[in-house]
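Have a look at the structure below before the remarks.
Atoms within each ligand, like the ligands themselves, are counted from 1 in listed order.
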Amino acid sequence: MITTAAYATISAHSPLAPHAITRRDPEAREVLIEILFCGVCHSDIHQVRNEWGGSHYPMVPGHEIVGRVLKTGEDVIKWRIGDSVGIGYFIDSCHQCEACAAGEEQYCEAGMNTTFNGFERDGKTATYGGYSTRITVNEDYILRIPDSLPLERVAPLLCAGITVYSPLHRFGVKNNSNIAVVGLGGLGHMGVKIAVAMGAKVTVISHSASKREDALALGAVDFIASADADAFTTNARRFDFILNTISARHDYNNYLNLLRRDGTMVLVGIPEPMLLAASSLVLQRLNLAGSLIGGIRETQQMLDFCAEHRVVADVEVISIEQINEAYERILKSDVHYRFVIDMTSLKEREMS
Ligand code: NAP
Ligand code: ZN
Ligand code: ZN
């Protein structure tokens, strides 16, 4: 067992604080990874604060991990010491069900094993995430990071990037598609960048009027301030597709009103439950869908797409000591546009 420095919370109402965990020496098909950077996703906050229920503590969050291979188990074939690698929202799944066979491990019928706030396949060993200095993972659940991209700006691709790429790709967004991205946070800003790289005409819809300039600089062709009294009437029936990344409770019906006949809104944000009127869908034959991260194969495809199009996240790099303050800023929609923790700051302390 390898003692590893981490930051954990011990309850839904406690701040994150230093905490020691142990990692396994890699078994036959496992890889030990030195964590260099970890992105901060709003899902970390939802779970730290038990907003989805079922959280267990102590919890070490973090699921946008990039690092380097430190050691490989004897039967590992895909990875070598020193490789740049990534880990996203899950570290294992059953390997046998239809979803796993289809490369959609996130929908594993036996339940994926999440990178943190979950359990390994034995159902009892708690998983601890990327706010730590090392992690041991099965070689099939690791992503290759293209060497051409800066690591700290790649970390957010491992969750935010794949979560928006997957529905944009699946629902056929392409050259000249007329789409809206709702919510300009971590997921939203990646949604704009990736959709623009796919050739779409993107409008950003935001409750923060101050983000107009940023939205246009990211490549959007237009910006709608959702707080404007007439925003939902003057833009009615304007878009073919909406990617909704809002993390807080809001009225879905208003956004559905912005879709043209046969349009689709995909929800990726996971706020508390809200009411949906059947007429919001029925009257224009609309589709309302959801999407959860993406499988390993599709995540690798997304990373390769981002390398080809030079798409990376806009990040504010922080040290682990700034994490509690960063959470408060995320809750105020004040992040431009992803916090990424430099985990070497914790490693240095571990050594001294
Ligand atoms: P984030 O960086 O905090 O961005 C969320 C954005 O939502 C904010 O920047 C803000 O954008 C908007 N927003 C916040 N409060 C709002 C309110 N009261 N009314 C209207 N808009 C509001 O969060 P994130 O990391 O992108 O995550 C977004 C959501 O996706 C979270 O619920 C997260 O758990 C979920 N998520 C889902 C998946 C999946 O697989 N489906 C994966 C990762 C994350 P503006 O300031 O532009 O309005
Ligand atoms: Zn996430
Ligand atoms: Zn499975």
Side-chain angles (χ1 to χ4, degrees), residues 38-49 51-52 61-65 88-90 92-117 121 129-130 155-167 180-192 204-212 214-215 218 220 223-227 243-252 254-255 266-272 274 289-295 299 313-314 316 326-339:
C38 184
V40 181
C41 176
H42 207 117
S43 301
D44 294 344
I45 307 180
H46 288 309
Q47 290 178 76
V48 160
R49 303 198 175 179
E51 289 166 3
W52 294 342
H63 57 275
E64 290 184 336
I65 298 169
Y89 195 72
F90 57 93
D92 211 347
S93 62
C94 84
H95 301 237
Q96 284 160 3
C97 72
E98 208 181 301
C100 287
E104 305 266 27
E105 300 89 351
Q106 73 279 29
Y107 303 115
C108 174
E109 289 160 27
M112 65 174 159
N113 301 91
T114 55
T115 303
F116 78 103
N117 192 29
R121 291 234 62 75
L157 302 183
L158 275 304
C159 176
I162 182 57
T163 300
V164 297
Y165 177 89
S166 183
V181 172
V182 187
L184 196 61
L187 267 57
H189 98 291
M190 287 312 310
V192 176
V204 168
I205 307 179
S206 168
H207 84 313
S208 311
S210 60
K211 293 184 183 172
R212 177 183 292 273
D214 285 2
L218 287 166
F223 179 89
I224 298 172
S226 55
L243 179 69
N244 184 337
T245 77
I246 298 179
S247 56
R249 201 191 286 256
H250 62 287
D251 190 345
Y252 290 144
N254 282 339
Y255 292 91
V266 176
L267 307 178
V268 289
I270 315 179
E272 280 153 29
M274 289 168 284
S291 188
L292 180 66
I293 40 177
T299 305
D314 289 1
E316 284 188 54
Y327 276 18
E328 294 309 316
R329 282 189 50 200
I330 291 171
L331 290 169
K332 289 189 207 127
S333 305
D334 175 26
V335 47
H336 309 276
Y337 274 89
R338 199 57 143 187
F339 288 114

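- Minimum interatomic distance between His189 and Leu218 (heavy atoms only, all atoms of both residues): CB-CD1, 3.9 Å.
- Evaluated by nearest non-hydrogen atom to atom 12 (C) of ligand 1, the leading choice among Gly185, Gly183, Ala227 is Gly183.
- In terms of protein heavy-atom proximity, atom 37 (C) of ligand 1 is nearest to Val268 O, 2.8 Å.
- Around atom 21 (N) of ligand 1, the closest heavy atom drawn from Ile330, Ile205, Ile246, Ile270 belongs to Ile246.
- Remark: minimum distance from atom 48 (O) of ligand 1 to any protein heavy atom is reached at His207 ND1, 2.5 Å.
- When the heavy-atom distances from atom 32 (O) of ligand 1 to His42, Met190, His46 are ranked, the shortest goes to His46.
- The N/O atoms of Leu187, backbone and side chain alike, include one that comes under 3.5 Å of an N/O atom in ligand 1.
- Atoms of ligand 1 lying under 4.0 Å from at least one heavy atom of Cys159, given by number and element, are 42 (C), 43 (C).
- The protein heavy atom nearest to atom 44 (C) of ligand 1 is Ser43 OG, 3.2 Å.
- With hydrogens and angles left out, the side-chain atoms of Tyr252 and Asn244 include no donor and acceptor closer than 3.5 Å.
- Here Thr163 has side-chain heavy atoms under 4.0 Å from ligand 1, and that is the only part of it that gets that close.
- Here the CE atom belonging to Met274 is positioned 8.0 Å from the CD1 atom belonging to Ile246, to the nearest 0.5 angstrom.
- The distance criterion of under 3.5 Å between nitrogen or oxygen atoms is not met by His250 with respect to ligand 1.
- Close contacts of ligand 1 with Lys211, meaning ligand atoms under 4.0 Å from a residue heavy atom, involve 9 (O), 11 (O), 45 (P), 46 (O), 47 (O).
- When only non-hydrogen protein atoms are considered, atom 8 (C) of ligand 1 lies nearest to Ser333 OG, 3.6 Å.
- Given atom 46 (O) of ligand 1, the protein heavy atom at minimum distance is Ser208 OG, 2.5 Å.
- Residue Gly186 has at least one nitrogen or oxygen atom sitting less than 3.5 Å from a nitrogen or oxygen atom of ligand 1, judged on distance alone.
- Atom 30 (O) of ligand 1 has as its closest protein heavy atom Gly269 CA, 3.2 Å.
- Distance check for His42 against the Zn ion (ligand 2): none of its N/O/S atoms falls below 2.8 Å.
- Counting only heavy atoms of the protein, atom 25 (O) of ligand 1 lies nearest to Arg338 NH1, 2.6 Å.
- Backbone and side-chain nitrogen or oxygen atoms of Trp52 are examined, and none is located within less than 3.5 angstrom of a nitrogen or oxygen of ligand 1.
- Against a heavy-atom cut-off of under 4.0 Å, Ser206 is close to the following atoms of ligand 1: 45 (P), 46 (O), 47 (O), 48 (O).
- In this structure, SG of Cys97 and SG of Cys108 enclose an angle of 120° at the Zn ion (ligand 3), rounded to 10°.
- What sits closest to atom 5 (C) of ligand 1 on the protein, heavy atoms only, is Ser247 OG, 3.6 Å.
- Near Ile293, meaning under 4.0 Å from any of its heavy atoms, are these atoms of ligand 1: 39 (C), 40 (O).
- Taking every non-hydrogen atom of Ala248 and a distance limit under 4.0 Å, the qualifying atoms of ligand 1 come out as 15 (N), 16 (C), 17 (C), 18 (N).
- Polar contact check, Pro271 against ligand 1: no nitrogen or oxygen pair lies under 3.5 Å apart.
- Side-chain atoms of His63 and Asp44 include a donor-acceptor pair closer than 3.5 Å.
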